[in-house]
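All ligand and atom numbering here is 1-based and tracks the order in the structure. What's counted below: heavy atoms across the whole structure, side chains too, no hydrogens, waters or symmetry copies.
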Amino acid sequence: MANGLVRSSALYDRVRRVIPPVEWPVFADDIDAILDLKRQQNAVILAHNYQTPEIFHCVADIVGDSLALARKAMAVEADVIVLAGVHFMAETAKLLNPEKTVLIPDLKAGCSLADSITAADIRLLRQRYPGVPVVTYVNTSAEVKAESDICCTSGNAKAVVESLGVPRVIMLPDEYLARNIAAQTHVEIIAWKGHCEVHERFTPEDIRQLREDYPGVTVLAHPECPPDVVAQADFSGSTAAMSDYVGSQKPPRVVLMTECSMSDNVAVEHPEVEFVRPCNLCPHMKRITLANIRSALEQNRHEVRIEPGISGRARLAVERMLAV
Ligand code: 13P
Ligand code: SF4
């Protein structure tokens with residue numbers, strides 16, 4: 001344990017800008033235990049950019065946006081993958097690693113977009129628009145992916161839509177992502193009515209107020225935000241694209257119109273940038289904690305399983321996306 005405490009206090013240096021010293025002892029014991037459990041079980045932790053800094057910077061092996069996590073999941077050599085993110089991400093990792101054990105620390109870590117559409121909805125859309133390909137955001141269940149022609153993420157949606165070489169596609173379930181992509185391409189897009197409960201709450205008025213209160217602030221908006229918000233932003237892109245923008249452009253003052261932990265995680269790496277922090281919490285992402293990551297590894301839970309009748313077709317839609 002003495003060694004462990006030395007190890008976790010060294011890790012504290014990574015996050016001291018965003019985690020006050022008084023909070024650190026709460027995390028240190030779980031961090032040490034998780035580092036040991038990963039080694040004992042030949043496990044890796046994949047963490048989405050919205051995970052809290054003590055997860056993202058202290059126990060995760062692979063971090064990124066949905067696209068990076070899917071790509072990197074394919075190259076994992078460990079026996080066990082713990083997905084620190086939401087359920088659809090764990091399913092994607094399982095689809096790409098059918099032989100490995102994939103664990104999600106809390107089964108209730110869902111997503112309002114994934115909940116907005118079912119496989120039956122897609123079958124009805126196909127009847128209504130015969131022959132029009134279905135492009136499905138990865139923020140969906142494996143059942144929905146299985147009914148789709150190809151998947152996309154916010155990082156590759158335009159490229160995926162244009163890769164099909166057709167004049168019209170169905171893109172679901174995020175209405176705002178679909179409309180934001182439609183504004184960038186000549187391909188006609190038929191959208192669904194799903195929304196991200198985190199990003200739909202940002203408004204153009206928020207941006208107007210931010211520019212007034214924080215002169216010179218650079219506004220970055222995730223493409224799940226409503227189109228009138230994206231139109232007022234200086235840049236829009238996936239969580240990885242926003243992070244890269246901060247790294248390459250080094251705006252003196254920036255606001256990320258997205259989930260709260262994103263700013264913390266990016267701020268750790270860019271002390272010279274001032275982060276303005278009105279943000280919205282994703283209650284699903286926040287279900288993942290150090291404590292339940294530790295329990296997941298200790299008790300081998302909750303294992304993600306996908307019915308064989310679904311996994312083959314769903315994997316194909318994800319693999320087609322990764323080939324674009
Ligand atoms: P990306 O990380 O792919 O931009 O997705 C954001 C998101 O909301 C994932 O749930
Ligand atoms: Fe789903 Fe939105 Fe949460 Fe991402 S931020 S997991 S899209 S509810």
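- Here the protein heavy atom with the shortest distance to atom 1 (Fe) of ligand 2 is Cys111 SG, 2.4 Å.
- Atoms of ligand 2 found under 4.0 Å from any heavy atom of Tyr50, numbered from 1 in the order shown, are 5 (S).
- Below 4.0 Å from some heavy atom of Leu113 lie the following atoms of ligand 2, by number and element: 7 (S).
- The shortest distance between side-chain heavy atoms of Arg208 and Gln232 does not fall below 4.5 Å.
- Checking each of Met171, Glu188, Gln184 against Val161 for a side chain to side chain contact (heavy atoms under 4.5 Å, CB included) leaves exactly one that passes, namely Met171.
- Under a 4.0 Å heavy-atom criterion, Met242 is not in contact with ligand 1.
- Remark: of the listed residues Asp65, Thr258, Thr153, Asp65 is the sole one forming a side chain to side chain donor-acceptor pair (under 3.5 Å) with Ser238.
- No side-chain heavy atom of Val135 sits under 4.5 Å from any side-chain heavy atom of Asp149.
- The existence of a salt bridge linking Asp29 and Arg294 is confirmed by a sub-4.0 Å separation between a basic side-chain nitrogen and an acidic carboxylate oxygen.
- Using a 4.0 Å cut-off between charged side-chain N and carboxylate O, Arg211 and Asp234 make a salt bridge.
- Judged by the shortest distance from any of its heavy atoms, Glu259 lies outside the 4.0 Å radius around the atoms of ligand 1.
- Between the choices Asn139, Thr258, Asn49, the shortest heavy-atom distance to atom 10 (O) of ligand 1 belongs to Asn139.
- Under 4.0 angstrom from ligand 2, the non-hydrogen atoms of Ser112 come from both its backbone and its side chain.
- Distance from atom 3 (Fe) of ligand 2 to its nearest protein heavy atom, with residue and atom name: Cys282 SG, 2.4 Å.
- Distances from ligand 1 to the non-hydrogen atoms of Cys196 include no value under 4.0 Å.
- The proximity of Glu224 to ligand 2, defined as any non-hydrogen pair under 4.0 Å, is limited to the side chain.
- Using a cutoff of 4.0 Å between basic side-chain nitrogens and carboxylate oxygens, Glu303 and Arg301 are not scored as salt-bridged.
- Atoms of ligand 2 found under 4.0 Å from any heavy atom of Asn139, numbered from 1 in the order shown, are 7 (S).
- Between Cys279 and Cys260, the SG-SG separation falls below 2.5 Å.
- Looking only at heavy atoms of the protein, atom 2 (Fe) of ligand 2 is closest to Cys196 SG, 2.3 Å.
- Ranking protein heavy atoms by distance to atom 3 (O) of ligand 1, first place goes to Ser66 OG, 2.8 Å.
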